[in-house]
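Take a look at the structure set out below.
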Amino acid sequence: MAQQAVTPQSVDFAAWYNEIVYKADLAAPSPVRGCIIIKPYGYELWEGIKGGLERRFKATGHQNAYFPLFIPESYLKREAEHVEGFSPELAVVTIAGGKQLEEPLVVRPTSETIIGEAFSQWIQSYRDLPLLINQWANVVRWELRTRPFLRTAEFLWQEGHTAHATEADAEAETLQMLDIYAQLARDDAAIPVIKGRKSDREKFAGALRTYTIEGMMRDQKALQCGTSHNLGQNFARAFDIQYLDENNNRQLCWTTSWGMSTRMVGAVVMAHGDDKGLRLPPVLAPIQVVIVPIYKNDGEKSLVLETIARIKNELSGAGVRVQVDTREGLSPGFKFNDWEMRGVPLRMEIGPKDVEKNNAVLARRDMGKEGKQFVAQEGLAQRVKDLLAEVQNNLRQQAADFRDSHIHDVSSYDQMRQVVEAGGWARGWWGGSGADEARIKDETGATIRCFPFEQPGGSGQCFFTGGDAPQVALFARAY
RNA sequence: CGGGGCGUAGCGCAGUUGGCAGCGCGCCGUGUUUGGGACGCGGAGGUCAUGGGUUCAAAUCCCGUCGCCCCGACCA
């Protein structure tokens, strides 16, 4: 059960986050270092994200498949940059069935290699392209510092893997999927994100280009919420993914991969939560409306519950996810706080006075006391749906305003440092090298989150080197 | 892998000079409560991380081992 106050965000954001995750019943600690148990409420939130993605994947012609958890070690090594990127964080099985394995099996950190091997067999002709596959899976990356949902040793995600005949097709797919992630974040999770390209230093090991959506959390730190990679022909070359074109010539495929993970649950927590708990966007909220009955005696109780049963049916029938809090022995006040901790967007109170007057009390989670209102029971379902839409919009607007007010344009390193020191995001012309990036990270803690798609146009003067800069970059401290 | 800290009830913790294993929250029962975090009474719950040692006697002292947390390094 959720309960009691939480460390305020302003005092210690990290402590706030950890407490919220456990008190809102999203997750529980696990006996295995760096792993978590995702509890039903947290898993339902993930299912909401999954559902939103799944719908969009299917609408764009992707199919699900499933590939093995174990990957022959030699597969990883076929793509030089890839293996170098992942080696430090691999978990490897060397003994199975009581015997030393001839070839160690890597627990997948991602599946480009084993899927690449499969693709090389599935694809013969240009008629087999594009091949659009998605997999829902768990992956393991042996991280040294872990945090619930944000970075865990094992996490759940989807990984899309596609193969195309041309570079242009692959690029279009990569951008299309990034756009789907941005839609999911904005329309479902109410997190406005910035789309952009990763610097070479930050891109996926083995990719030609990596695109990202970056969201701002309430401590102003950046969180990479999803990535989409144009893998060029790197994996096609390593795994011999070829097709015969219309002219009977053998050609290498162009492949992509893209992923969004349970980290997104952490994003929802950190982008919207306040000192009273979670604030869930209605589109993803496992429970959209909770009804708290108010009564003093058995007579009132049966009257109140009767009315509630009718209202619940009406709401369910209208497609609203509603739950009645029938727990005995807890005061209404306790329940209010409990559901606020869990982030339920709308609370309804029904008491004897409401039964009598055919009213209901509605309270919005995204607002304070002024969010409480008395409404008629007539037309309640529509009223609730309208309010849910308002909450969704308001959360997104609040997140957008917060983000926009903490992004600042900079034209000198001094300025950039000031912005970053204050916790904000710095946007400025960039023409520096990878080594310059490393130095900035060292000195300020900030990294290039992305080169935003939205560019001012033309070229400018790099705020760091003073040289010519072809584009602006977004710098921030990140998770 | 370096520095620091902690392992005692489900969770959070106290336990002094070695002398009956404790507190708060939660849990179970019961009665009174209930429109913003109720209260009384009665209960259940322990391999004091682990192995050894000192002692009449160890949660407490000594040695070892394991695990976890924090800071640093690392982080497609």
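Nothing here was measured: the structure is a model prediction, and the numbers come from that model. Below, read A as the first sequence line, B as the second, and so on, with proteins coming before strands; counting in each chain starts at 1.
- Classification of A:K221 and A:D219 as a salt-bridged pair fails, no side-chain N sitting under 4.0 Å from a carboxylate O.
- For B:rG37, the base has no donor-acceptor partner in the side chain of A:E340 [N/O atoms by modelled type, under 3.5 angstrom].
- The side chain of A:Y295 lies closest to B:rU34, out of B:rG36, B:rA76, B:rU34.
- Look at B:rG29: its Watson-Crick or wobble partner, with both distances under 3.5 angstrom, is B:rC41.
- Just one residue in the list A:Q158, A:E173, A:R56 forms a side-chain contact (heavy atoms from CB on, under 4.5 Å) with A:H62, and that residue is A:E173.
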Pick out the pairs of N or O atoms, protein on one side and nucleotides 71-75 of chain B on the other, that lie under 3.5 Å.
| from | atom 1 | to | atom 2 | distance (Å) |
| --- | --- | --- | --- | --- |
| B:rC71 | OP2 | A:R145 | NH1 | 3.0 |
| B:rC71 | OP2 | A:R145 | NH2 | 2.3 |

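- Screening residues 204-215 of chain A for side-chain hydrogen bond (donor to acceptor under 3.5 Å, both in side chains), with sequence neighbours left out, gives A:E171-A:R209, A:E171-A:Y211, A:K198-A:E214, A:R209-A:Y211, A:T210-A:H229, A:T212-A:E214, A:E214-A:R449.
- The pair A:K50-A:E44 fails the salt-bridge criterion, with no side-chain N (NZ, NE, NH1 or NH2) lying under 4.0 Å from an Asp/Glu carboxylate O.
- The pair A:R347-A:D338 fails the salt-bridge criterion, with no side-chain N (NZ, NE, NH1 or NH2) lying under 4.0 Å from an Asp/Glu carboxylate O.
- Each of A:V324, A:I311, A:I294 was scored for a side-chain contact (heavy atoms from CB on, under 4.5 Å) with A:I350, with one residue passing: A:I311.
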Taking N or O atoms only and anything under 3.5 Å, show me the protein contacts with nucleotides 38-41 of chain B, one pair per line.
| from | atom 1 | to | atom 2 | distance (Å) |
| --- | --- | --- | --- | --- |
| B:rA38 | OP1 | A:S331 | OG | 3.2 |
| B:rA38 | OP2 | A:S331 | OG | 2.3 |

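- Of the P atoms belonging to B:rG51 and B:rG43, the separation is 34 Å, rounded to the nearest Å.
- Residues A:V344 and A:L280 form no side-chain contact, since every pair of their non-hydrogen atoms from C-beta on lies 4.5 Å or further apart.
- The number of heavy atoms from other shown groups lying within 6.0 Å of CD (A:E443) is above 12.
- With hydrogens and angles left out, the side-chain atoms of A:S316 and A:N313 include no donor and acceptor closer than 3.5 Å.
- Pairing of B:rU47, defined by two Watson-Crick or G-U wobble distances under 3.5 Å, is not identified with any nucleotide.
- Between A:K301 and A:E328, at least one side-chain N (NZ, or NE/NH1/NH2) sits under 4.0 Å from a carboxylate O, which counts as a salt bridge.
- Aromatic ring orientation, A:W430 versus A:F464: tilted (interplanar angle from 30° to 60°).
- Remark: the separation of the P atoms in B:rG3 and B:rC61 is 23 Å, to the nearest Å.
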Please tabulate, one pair per line, all N/O donor-acceptor pairs under 3.5 Å involving side-chain atoms of residues 354-363 of chain A, not counting sequence neighbours.
| from | atom 1 | to | atom 2 | distance (Å) |
| --- | --- | --- | --- | --- |
| A:D354 | OD2 | A:G351 | N | 2.8 |

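- When heavy atoms are screened at a 4.0 angstrom cut-off, A:Y22 is found touching no nucleic acid atom at all.
- Contact check of residues 193-204 of chain A against RNA chain B (heavy atom, cut-off under 4.0 Å) returns A:K203, A:F204.
- Applying a 4.0 Å cut-off to non-hydrogen atoms, the residues of residues 346-368 of chain A that approach RNA chain B are A:R347, A:E349, A:G351, A:P352, A:K353, A:D354, A:V361, listed by residue number.
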